[in-house]
Amino acid sequence: MTKEKLLLIDGNSVAFKAFFALYNSLSRFTNDEGLHTNAIYGFNTMLDLMLNHVEPTKVLVAFDAGKTTFRTKMYADYKGGRAKTPSEFSEQMPYIKELLTSRGIKTYELKEYEADDIIGTLAREAESAGIQTTIVTGDRDLTQLASELTTVSVSKRGVTDVEHYTPEFVKEKLGITPEQIIEMKGLQGDNSDNYPGVAKVGPKTAVSLIQDYGSIQGVYDHIDDITAKKLKEHLIEDRDQAFRARELATIKRDAPIEIGLDDLKYDGPDMEKLVDFYKKMNFQSFLNKLNDQGITGAGETEQLSEITYTVLNDDNLDEVSEFKDDVTFYLEMPEDNYHLSPMTGFVLGAGNDWYVGRDVDLLTRPEVKTLLEDKTVTKDVFDAKRTYVGLNRLDITLNNVDFDLLLVSYLLDTNDNNNDLGKLAKQHGYSEVETDDVVYGKGAKREVPLNDDIFYSHLARKAQAIQTLKTSLYKELTDNNQMDLYLDLERPVAFVLARMEIAGITVDADKLESMKSVFTEKLSEIELVIYQEAGEEFNISSPKQLSRILFEKLQLPAIKKTKTGYSTSVEVLEKLAADAPIAENILRYRQIAKIQSTYVEGLLKVINPDDQKVHTRYVQTLTQTGRLSSVDPNLQNIPVRSDEGRQIRQAFVPRKPGWQIFSSDYSQIELRVLAHLTGDENLQLAFKNGEDIHASTARRIFRLGPDDEVSPNMRRQAKAVNFGIVYGISDYGLSQNIGISRKQAKEFIDTYFEEYPGVKAYTENIVSQAREQGFVETILHRRRYLPDINARNFNQRTFAERTAMNTPIQGSAADIIKVAMIEMDKALQNMEATMLLQVHDELIFEAPESEIEKLSTLVPSIMDSAIKLDIPLKVESHFGPTWYDAK
DNA sequence: AGAATCACG
DNA sequence: ACGTACGTGATTCTG
């Protein structure tokens, strides 16, 4: 017989948590009848998670019954003064019960009792039967039920972010035993349930009293030992309240329930009912999940309409020449890396005339190639850069792209950065095309279908989707005042990036190989020392094993915790290094291991054997700010800060002997953008006078006189303040960063805002602007929506506020360098020099020696005049035989 | 698949 | 009282 396991769920509390966790998306979660579904959805997510995690044999969801309970009889104001339950929530409750029925889960409620008491009673029954129990709730009060056999899982932020309270965890978190929680609550009372304990006693005091005296009774038995005068007075004064609060907080474990453990058997869902329910709620993702499990009826509910197509072949090639003004084209490359992916098919056409095929060689025939290269016929595509690079491999130059569905979607809303055409189309209300996951499968099973009709129909539908969405998305762009951003910036940038990716940068593999053996040697040396210091061998790369060695075996002080254990991060190890040499060695080991695995070995793996180059892909439609990202390999995070890491750059060389690597970077571009956007006179003055901006800030925030010197430490702190402003400052963040007190950090910030009143006004304005219109913009009208700006949750809201300050700055800087890249691309057309890389505020080129002098004036002049700001932009240039030397 | 860690601007 | 600096990607370990 399988071991019995019981799952008890506090229905009201979980539903409530789910409702508020998805409150910001309330409007997105409605079914066809206008019913809100966010709580139902969140509840179901939790069910999936917990059923998987616990694998119970018995399940019950308990609900509260009505407003009056034995507690309200005892204390009339119990749970009084609560805000009215929103109707959007109440309307969902009956459906949650329906959901549970279809999932084959029992529910129960009992007049005069709360869900807690039902759970407490059943958990006790399970306890005496020796059954392992898990309780799920959003309410910490239930943690008093934790025991050897009973775990209480409390959801924290959302419904999936769960903490599992065992007696040990309660002890660790609160410093008391589960049984003592009611004692603590008795002393402190409960604001949300609206009953008082002892005046002026909060969690801190309550816990320490309970730790000292064991219980409330214990406190009063030793009341004369309490020396704090005020505290003692309050304790004596509120004695009755304390005992009453204790009773209110105590979960009944003998409620007169009419069900028992035997009634709770769980045999899984009634699939037919569940599928119907999901459909009624429009829960597509849960349906897909069932579909993946092979449940019939859970697949796509909507039948796609028929689509017609013509298979392109030698005999009908000339029909393609009939397209004269606008065609839609899509090239299928199933793998992410389009530099290497097989090309498995294409579709080309307009109106309802779709020509499809598997053999991409057909594209190289004059009829098709001419069309694709024609500068008068416009092309509509999905991902112009990908298409351009793919066609380039066939020696076809894609010209005159008009509409790019992927790029336009991203500009309309940076969250629409899904790379699947089907998913993206659906987000824009077009459902006549399936996702690749559905047609091609996912994971290891993914493959292009052998069946021609399935494959060709899918391709034709993709083209149809692009063509159909063009009009409406263009209208949205125009309405948003973003058409120029698309036509003059992002679309041209796509092709500049494509050419940079195709060009690639040459990597000296021999250099990397020789570095590899040096590092291997160093690593094994350090490894030996660490083993010696630890007294045993272990996996240094495993944070888990490492923290066992450091914090248990060697008893070093644990400074910071992570979700899963003690942190072993740099900041922790650096603090330990003062008294423990092992920490220093681990840091050193980590540093070298990182360089070795990510950069030396990582780069060697991606050098293309044909040309000895690496060809990164710049992801243009990902970041929330408008920056690029670089993948496979990431060439935007090649080491530079440490000497050892920096040497990696010696392996990046020009493609021809005697050529140079040339690099230009914007100096302080984000602070200059800040000065421009805020219009702050003092900040602008500093830049106009060409001052050292961090020193200048130091003078102001430390209120130095004209003859006072700025010490290096002052400059360092001022620099951190400047960064903080750009990131959307908080006193806590600044204090952590430079290791000062929070109070001191606050003083820095206050002084900064006094000295730079324009910056202060800007931060206030941009946040209120975000609240009013729901988004913020860059200089060139790039948008970022901030739905969380009005969130009730403190974390979400303040994060959105910081983002509102940072995004226009980081994003406008991204706008500027993109303009410069387009101009550089044009300017280099008649030169041998090639633009290779972009690293956010820096452009890197390779060029013959003879062109270096010209570049030295050309590049800075284009970069600093890309967008005219109220203050000058400054550009610095360097060059040398390798990237390392271009410093 | 997610967490931890660390590389960059 | 809450618990934070902004934006990324790759590697390794682990459940």
Side-chain angles (χ1 to χ4, degrees), chain A residues 53 156-157 160-161 191 202-204 414 443 539-547 560-573 586-587 590-603 605-606 616-619 622-642 644-646 648-649 665-666 668-670 674 720-738 742 745 749 784 792-811 813-814 817 837-842:
Chain A
H53 176 71
K156 291 197 297 186
R157 194 170 303 170
T160 49
D161 191 359
N191 269 335
K204 288 259 165 64
T414 48
N539 185 347
I540 307 170
S541 310
S542 160
K544 200 180 167 189
Q545 293 182 35
L546 181 60
S547 49
K560 216 177 76 177
K561 277 206 241 175
T562 67
K563 277 185 190 172
T564 53
Y566 295 119
S567 169
T568 63
S569 64
V570 202
E571 45 165 327
V572 171
L573 293 177
I586 290 163
L587 280 169
R590 283 241 183 104
Q591 199 203 359
I592 296 173
K594 174 87 179 182
I595 298 168
Q596 180 79 309
S597 66
T598 304
Y599 298 103
V600 180
E601 292 169 351
L603 278 171
K605 265 185 240 163
V606 292
T616 185
R617 278 152 32 234
Y618 288 103
V619 188
L622 183 143
T623 70
Q624 298 301 304
T625 55
R627 275 192 176 180
L628 302 172
S629 90
S630 158
V631 295
D632 200 12
N634 180 356
L635 294 181
Q636 291 182 319
N637 71 347
I638 301 301
V640 66
R641 292 171 193 171
S642 82
E644 223 142 17
R646 192 174 196 147
I648 294 289
R649 295 180 175 224
D665 65 283
Y666 286 109
Q668 310 294 359
I669 189 165
E670 292 194 342
L674 177 75
V721 173
N722 279 335
F723 270 97
I725 297 290
V726 169
Y727 291 158
I729 197 137
S730 78
D731 50 11
Y732 181 87
L734 180 64
S735 72
Q736 288 297 299
N737 192 286
I738 48 178
R742 200 166 153 170
I749 296 168
R784 180 173 187 177
R792 278 132 204 81
N793 180 302
F794 175 93
N795 265 333
Q796 293 179 352
R797 186 180 62 253
T798 52
F799 179 55
E801 287 167 0
R802 291 194 297 274
T803 314
M805 301 180 218
N806 171 263
T807 298
I809 300 168
Q810 193 184 112
I817 195 163
L837 303 174
Q838 187 251 43
V839 192
H840 310 306
D841 64 356
E842 180 182 11

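Just so we're on the same page: letters track the sequence lines, and every chain starts at 1.
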Notebook entry, point to check: From His840(A) NE2 over to Gln838(A) CD, what is the distance, rounded to the nearest 0.5 angstrom?
Noted result: 6.5 Å
Note to self: Applying a 3.5 angstrom cut-off to the pairing atoms, does DNA chain C sit in any stems of at least three consecutive Watson-Crick or G-U pairs? List them by first number.
What the structure shows: B:1-9 with C:6-14
Notebook entry, point to check: Which is true for Val726(A) with a 4.0 Å heavy-atom rule: it touches a base, it touches only sugar-phosphate, or it touches nothing?
Noted result: nothing
Notebook entry, point to check: Touch check for Thr623(A), heavy atoms < 4.0 angstrom, all strands: base, sugar-phosphate only, or nothing?
Noted result: sugar-phosphate
Margin query: So, using salt bridge (charged side-chain N to carboxylate O under 4.0 Å, His left out) as the criterion, who are the partners of Asp731(A) when residues are at least two apart?
Written below: Arg742(A)
Check: Base, sugar-phosphate, or nothing: which does Gly724(A) touch, judged by heavy atoms less than 4.0 Å apart?
Finding: base
Note to self: Counting primed atoms plus P, OP1 and OP2 as sugar-phosphate and everything else as base, spell out the protein contacts along nucleotides 4-9 of chain B at 4.0 Å heavy-atom distance: B, S or - for each nucleotide, 5' to 3'.
What the structure shows: SSBBBB
Margin query: Once side-chain contact (heavy atoms from CB on, under 4.5 Å) is applied, do any residues pair with Ser547(A), and if so which ones, sequence neighbours excluded?
Written below: Phe551(A), Tyr566(A), Thr568(A)
Note to self: Please confirm whether the shortest side-chain N or O distance from Asn806(A) to OP1 or OP2 of dG7(C) is below 4.0 Å.
What the structure shows: no
Check: Between Thr807(A) and dG7(C), is there a side-chain N or O to OP1/OP2 distance below 4.0 Å?
Finding: no
Next item on the list: Pick base, sugar-phosphate or nothing for Ala720(A), based on heavy-atom distances below 4.0 Å to the nucleic acid.
Entry: base
Margin query: Does a side-chain N or O of Lys544(A) approach OP1 or OP2 of dG15(C) to a distance below 4.0 Å, or not?
Written below: yes
Note to self: Which residues pass the side-chain contact (heavy atoms from CB on, under 4.5 Å) test with Thr414(A), not counting sequence neighbours?
What the structure shows: Tyr410(A), Gln624(A), Arg784(A)
Notebook entry, point to check: Of all residues at least two apart in sequence or in a different chain, which pass the side chain to side chain donor-acceptor pair (under 3.5 Å) check with Asn806(A)?
Noted result: none
Next item on the list: Determine: side-chain N/O of Ser541(A) to OP1/OP2 of dT12(C), distance under 4.0 Å, yes or no.
Entry: no
